[in-house]
Amino acid sequence: MTRGSASRVAKAEEIALAIDIGGTTIKAAALDRSGGVYGEVTVPTHDRLRGPLDGVRLVLRELQRQLAEAGRDAHRVGIASPGLVDTPAGTVAYAANLGWRDLALTDVIAAEFDLPATLLHDARAGAVAERAVLLGAGETADSLVFVPIGTGVSAAILDGGRFVAGGSGGAGEFGHIVVVPGGEPCPCGLAGCVEIYASAASILRRYRERGGNAEGTEQIVARLATDTRAAEVWTDAIDALARGLAAVSALLDPAMIVIGGGLGQAGDALLDPLRARARTLLPWKPFPPLRASVTGARAGLVGAGVAAWRDDAPDATFVRTAVTNLARSAAARGRQAS
Ligand SMILES: [Zn+2]
């Protein structure tokens, strides 16, 4: 596979390899510009025998193998990574959970796979996908805060149509705002952070610590009316998020707040009490509209696909179609497994 062969393909026929590096898994998919899915693979981020960078190499090779079977080539790569990300340089300056420091990720991919790569911060990648959908629906989306909630909690801040990256590229560490002084210890070294109460992983952990037994947060949400342990950890999560979002709203005055990640899919069970609690914490100011994301747990992956096409960004149709196709193939895999 060479750039020579890639250049002969019309852009409409190109395939992007999208990679979302999460705290638990690395998700990857081969997507065309219409949101068609040509291959998919998910591997654990951390493996006994290899590090996360080898995990990225592994998913790229596997997608190339799946594409080759279909008689197709990959043409570009988009990556969503946590940590301090420098998009123009294509480097991850620091990612604690991945053990990365000053990693020139796009250079590594260009050198080893001969593919142009674009790197985005994972929350910003998710916000890119979410924003494309909003713009496609004719809504203004120049001022919003996108909060993906999964293994961790972070935020992408969009103001005046531009992302706020901060002085060191580290803006958006919403999960480590302290909302319960003297609260539960957080791996970041502080105590009482938003994330230690409100990430999906934390909600599940706190439910189990109280003797509850659940595979995922959906089960906890389903038991809110009948299980006091479920209600307790859910209320704590809502309260931590509300305190954090009230601070964000007071400081940034976003026109909209969008909750993403798997937890955003809880819908009204999350949004109604969260809205009510946040309003009591910020009584002197209208709280901005609060919504669940359209892209859900696949925001980062689809946003990485959008990033792969760089400034020539695909539209809402790409995002919606890719999300639908990825959900459909996940459901098909679930049926096969059961
Ligand atoms: Zn923390």
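Bear in mind the structure is a predicted one, so any value in this text is a computation, not a measurement. Counting starts at 1 for both ligands and their atoms, following the listed order.
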Which residues and atoms, protein N, O or S only, are under 2.8 Å from the Zn ion (ligand 1)? H176 ND1, C186 SG, C188 SG, C193 SG
Any side-chain heavy-atom pair from L53 and L105 closer than 4.5 angstrom? yes
Just by distance, no angles: are the side chains of T25 and T42 close enough, under 3.5 Å, to form a donor-acceptor pair? no
Taking atom CG of L103 and atom OG of S81, what is their separation to the nearest 0.5 Å? 8.0 Å
Are a donor atom and an acceptor atom from the side chains of Y197 and R243 found within less than 3.5 Å of each other? no
Atom pair CG/CD1 of L58 and I26 - distance to nearest 0.5 Å: 8.0 Å
Give a yes-or-no answer on whether the side chains of R277 and T280 include a donor-acceptor pair shorter than 3.5 Å. yes
